Amino acid sequence: MYDRERIFLSSPHMSGYEQQYINDAFEKNWIAPLGENVDHFESEVAEYVCCKGAVALSSGTAAIHLALILLGVERDDIVFCSSLTFIASANPILYQGATPVFIDSEPESWNMSPAALERALKEYSAKGNLPKAVIVVNLYGQSADYDEIKKLCDYYGVPIVEDAAESLGATYKGKKSGTLGKFGIFSFNGNKIITTSGGGMLISDDIEKLEKARFYATQARDQAIHYQHSQLGYNYRLSNVLAGIGRGQLRVLDARVSKKREIFNIYKQQLSDIEGIQFMPEATYGQTTRWLTAMTIDPQKIAVNHADFVGYLNQYNIESRPVWKPLHLQPLFKDTDYYYHDEDVSACLFHQGLCLPSDTKMTVETQLDVIKRLRDILK
Ligand SMILES: *Cc1c(COP(=O)(O)O)cnc(C)c1O
């Protein structure tokens, strides 16, 4: 192995503020159930993104699952979802026994194409089978184009779940990412821009619905002195210790966003003379966090396949990955309906797209070494 610590796409980066919140929980001997760190983490996130409430959960996946439950998604319902994303965006649709329909990306933002969405809504409306929800994903730190998407969803009366797992800290027309739909979700998984080692959050302006989320997330326990249950519940809440990590991380979120954007700028500056590569564009309507720097390689100009690229960098202990394999191409979803406009953009991005190390612990010096290896393989 190359004589250097591994350089990751994105890995946990502690701020130093976490320990005081964790210690506080230990000093009060209150690591569970729930507790002050959980309450504060929820209100601090809600305040950061300017929404009315938040519920801290064990994962982003749990947050998507609860959002679907709160929107009444049941067996045999339809739910639309972006195709170019991590599988966690869509798995909760299956948890509910509902049927996903995947929507393609637009080239401008790599996120859900309003034109493809419109076609799908039209067709499903004609069949009298409108989706119960549309899960819109913000890819690699960039917001989707919500004004266009919302116009369509409002017209057909379909609520939006904003999967902002990768875009905490980004903006859309001045609003914070995560606040554009009926529900927003964040992830604090180890690879996200801030982490609790594992965790998630459901946010909304609908306080009543969030109360309901708390109920479902704690085994749906009815009001009674004994254990009484009339609905199906889950064990989805976040630990008070992990919420303490989240509070310490939240204090450096803006600094992490700046660093991620700086990492992107250095890649762009140092590689833009290479013909045949293009970086994921930043849409004009907002600021992306550049959670991961992603780029495409034109196969006509650069003859290097994904396996060679990833394998070459791996020799130098550098992690890289192809962009998400679209869900409509996953074996799990092989019979699933899929909508695109003109051409299959997400499939093309998958075949040409790569994610570069975007770890905020990476020094400029280390990044320049990564860039040296990139130039070698891209030549
Ligand atoms: C990470 C991620 C999730 C899932 O979050 P977990 O906290 O890992 O459950 C969902 N959607 C997207 C787009 C993600 O990147």
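Remember, it's 1-based here, ligands and their atoms both numbered in the order they're listed. This structure is a prediction, so every number in the text was calculated from the model and none was measured.
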With sequence neighbours left out, which residue pairs that include part of residues 268-279 fulfil the side-chain hydrogen bond (donor to acceptor under 3.5 Å, both in side chains) condition?
Asp273-Arg375
Any idea how His65 and Tyr95 line up, ring-wise: parallel (<30°), tilted (30 to 60°), or perpendicular (>60°)?
perpendicular
Which is closest to atom 4 (C) of ligand 1 by heavy-atom distance: Gly200, Ala88, Ala164, Pro92?
Ala88
Whether the His13 and Thr360 side chains hold a donor-acceptor pair (N or O, under 3.5 Å, no angle test) is what I'd like checked.
yes
Can you list the atoms of ligand 1 that are under 4.0 Å from a heavy atom of Thr85?
13 (C)
Which residue holds the protein heavy atom closest to atom 11 (N) of ligand 1, what is that atom called, and what is the gap in Å?
Asp163 OD2, 2.8 Å
Location of contacts on Thr61 toward ligand 1, heavy atoms closer than 4.0 Å:
both
Over 60° means perpendicular and under 30° means parallel, so tell me whether Tyr124 and Phe80 are parallel, tilted or perpendicular.
perpendicular
Please report which non-hydrogen protein atom sits nearest to atom 1 (C) of ligand 1, along with the residue it belongs to and the distance in Å to one decimal place.
Lys192 NZ, 1.7 Å
Subset of ligand 1 atoms that lie under 4.0 Å from at least one heavy atom of Gly60:
5 (O), 6 (P), 7 (O), 9 (O)
Less than 4.5 Å apart, side chain to side chain, heavy atoms only: is that true for Ile263 and Ile266?
no
Does an N or O anywhere in Trp324 fall below 3.5 Å from an N or O of ligand 1?
no
Give me the ring orientation class for Phe186 and Phe188: parallel if the planes are under 30° apart, tilted from 30 to 60°, perpendicular past 60°.
tilted
Polar contact flag for Ile64 and ligand 1 (N/O pairs, less than 3.5 Å)
no
For ligand 1, the portion of Ser59 having any non-hydrogen atom under 4.0 Å away
both
Among the heavy atoms of Gly199, does any lie under 4.0 Å from an atom of ligand 1?
yes
Less than 3.5 Å between some nitrogen or oxygen of Glu166 and one of ligand 1, yes or no?
yes
Does ligand 1 come near enough to Ser187 that some N or O of the ligand is less than 3.5 Å from an N or O of the residue?
yes
Using 30° and 60° as the class limits, which term best fits the ring planes of His328 and Tyr338: parallel, tilted or perpendicular?
parallel
For residues 27-44, the side-chain hydrogen bond (donor to acceptor under 3.5 Å, both in side chains) pairs (sequence neighbours left out) are Asp24-Lys28, Lys28-Glu36, Asn37-Arg247, Glu42-Arg214, Glu42-Arg237, Glu44-Arg247
